[in-house]
Amino acid sequence: MKKADRNLLTLEAVIILLVSLAAGYALLDALFFIPFLGLLIIGIVTVIILKNLAFVFRIAAGLICLPAFMKLNNVKWWLFSPERLHFCPDLSLPLAAAIGLLVICGGLILSSLQPLRREVRVLQAGQTEDEQVRHYVRRQNMAAGGAVLACGVASAAIILVLELARRGLSGWFRNLPWGLPVIGLVSLIILSLVIFWLAGSRHGTDYTGD
Amino acid sequence: MLNKKALQLITLFLLLLVPGIFFGNLVLVGMSLVPLLLLIVGLAFSPPRVVSVEAIKINTPVWAGDVSLVTRTVRTSAGAGLVKIRQPLPPEFDLVAGSNLALHWQWFQPATLEINFQLKLAKRGRYTVPPLDWVSLHPLGYRAAQGSGGNHIDVEVWPRFYLPKTVKSLPGLSVSPFPSADIAKIGIPGQDFREIRKYVTGDPIKNINWRATARRAEQSFWPLVNEFEREGRKSVMIYLHASQAVEIGNTIENGIESGLEAACNLLFYYLEKGYRTGIYVCGNPPRYFYPDTGRLQFRKVLRQLIDLKPGYWPKDLLTAVELTRDYVLGYNPLSIVISTFDNRSGPALEKAVHQLRQPSIMVIGIDAYGLVPQENQYEKELLPLLRLQNRPLVRRLRGAGANVIEWHPDHESFSRIFSRQVWAR
């Protein structure tokens, strides 16, 4: 196995390990090793062995974290009431945000590493020099990893600001007529769908290497 | 344009944002911001594009086996990401040094890239080196661009031939390579009418006898030409067996290519000596070049040999002998048959030698088994057995009066064995 390929594999293994640990802790606290081991096996099978099923691991990690995050809902719903979710640890908002961001950032980095590994294999099979491939992998990892981590940090800052402003905003929301938040929420959803549709209509070509 | 990856980020953003807002969950809202911000950051800049590719030129014609240096200079526009450039090459070209593929990562600034490589133009033929292909990728993989640029190059690779000067300048040391009869003549044909024969490739149009052609139009609509007696020197007729049976070896080096090399060398040698030399190529289609003198004849033949494709049947060699019978009987030239000695071409070769019934026949037997890639010990051991199998044929040919020259193209150049013949005796 070439050095560039080995480095990518190590990076993937580290991310799988960290995400599995965080998700396992978010689900069962002291018994974290049970979901941790399950998730680790899923990660190794779907990301390292089968190589193109990283999304399965990302979805599994997200679902395992979800009950703990649901305990922090401001809108209480019977399905996610604290009584029903008593098996999960009570996470503080900063800790839950840290775990959530770790899971999403890890998943996004994994999703960029998989096509990179495919492309590296194609390049290595061709006539590309090893030095050029290593250089490309290093720069690509720097770009993708740097961008994801920067966005994670920015999101953490936004969560902090929102949390600080939450109480003041709740009082302000209470004074508004009831229809306004509903209309605002619906507008936001419609806007998101419009953005989604616009992006979909400009569906581009995928580059899959040689 | 956005690709699947960008759409996946938008989907992820919506999947986290909607429940986050619905449940008033700050963690989910915060998580949804990561793909959104990543998309916004990613779309803020574009991947680079290739804006110009400098034209390249390979001086043609080149000889098979020559090495050419190729340089392409590429300029990219501003943008961040990977630029991958690749110069596609015909499969017959060998990359001797350098690489025809280059990767370049750039951070926003335009760049000038250069790829250098050396090509070995291994096999004769006419080829086109296509324009350069490029692909650029967004650093986060959201966008890609691709295209091609630069000129395409037409390359004409002529068959190898290199007779050393020592051979060229040895006119009389040997008996065997020279024709015994002295009928053919150098220079412009004389005024003495010799015969009317069928038109063959390369005959001047002015020599066509239109009246005779018209008289025979009902039988055959093939032009007839006047043949005049020439003064001067001897005559040589080369038969190149180029059927699929001879195609022993690999794609680049095989019996046909070796045969071509031998034919070119012989043609050049005898034409340089002033002999009237013709060649019958049993390929697809078969080609007959009526014996003539001078360098023009050599160039005329060479141009046609570039596109030679193997014929289907070894018995084409017998057809060749049949079609040139009149000439052989009339001029008594030195007949040279170039072929292989295996089971498929052997019978036709033996019959051809018997049919020629010439006092001076030279058979160049190409032993192309050494050109076949040998994967294991068994295949290596097979070579001596195959060679042993051909010994009776060689003996029979020698018994029929032919001067048999065995050539192993894998470890000996044709010029070396030919010079040995010239020095012999």
Which residue pairs satisfy the salt bridge (Lys or Arg N to Asp or Glu O under 4.0 Å) criterion with at least one member in residues 38-48 of chain B, sequence neighbours excluded?
-> none

Side chain to side chain contact (heavy atoms under 4.5 Å, CB included) evaluation trace for A:Tyr136 with B:Leu137 = CA-CA 11 Å; A:Tyr136 164 53; B:Leu137 280 179; 4.1 Å; yes

Heavy-atom pair with the smallest gap, counting every atom of A:Arg58 and B:Leu12 | NH2-CD2, 4.3 Å

So, the part of B:Ala102 with a heavy atom under 4.5 Å from chain A: the answer is both

Pairing residues for B:Tyr378 by the ring-ring contact (aromatic ring centres under 6.0 Å, His included) criterion, not counting sequence neighbours = none

Against chain A, label B:Leu36 side chain, backbone, both or neither, depending on which of its atoms sit under 4.5 Å from a heavy atom there.
-> neither

Smallest separation among heavy atoms of B:Leu37 and A:Ala154, with atom names = CD1-CB, 3.7 Å

CG on A:Leu72 to CG on B:Leu28, rounded to 0.5 Å | 9.0 Å

Hey, could you give me the CG/NE2 distance between B:Leu103 and A:His135, rounded to the nearest 0.5 Å?
-> 10.0 Å

Within residues 138-148 of chain A, the residues sitting under 4.5 Å from chain B by heavy atom, in sequence order, are A:Arg139, A:Gln140, A:Ala143, A:Ala144, A:Ala147, A:Val148

Measure distances from A:Leu108 to the heavy atoms of chain B and classify the residue's part below 4.5 Å as side chain, backbone, both or neither.
-> side chain

Nearest heavy-atom contact between B:Asn25 and A:Phe69 is ND2-O, 2.7 Å

Please round to the nearest 0.5 Å and tell me the distance separating atom CD of B:Gln8 and atom CZ of A:Phe55.
-> 9.5 Å

For A:Leu66, is it the side chain, the backbone, both or neither that has a heavy atom under 4.5 Å from a heavy atom of chain B?
-> side chain

In terms of heavy-atom proximity below 4.5 Å to chain A, should B:Leu38 be classed as side chain, backbone, both, or neither?
-> both

Answer with side chain, backbone, both or neither: which region of B:Ser32 has an atom nearer than 4.5 Å to a non-hydrogen atom of chain A?
-> neither

Kindly compute the distance separating CD1 (A:Ile189) from CD1 (B:Ile21), expressed to the nearest 0.5 Å.
-> 7.0 Å

Taking the side chain as every heavy atom from C-beta outward, state whether A:Cys105 and B:Val34 have any atom pair closer than 4.5 Å.
-> yes

Atom group of B:Leu82 that falls short of 4.5 Å from chain A, counting heavy atoms = side chain

Evaluate the side-chain proximity of A:Ile159 to B:Val29: yes if any heavy-atom separation is below 4.5 Å, no if none is.
-> no

Does any non-hydrogen side-chain atom of A:Glu119 lie less than 4.5 Å from one of B:Lys84?
-> yes

Could you list the residues that satisfy side-chain contact (heavy atoms from CB on, under 4.5 Å) with A:Leu95, not counting sequence neighbours?
-> A:Tyr25, A:Leu91, A:Ser92, A:Ile99

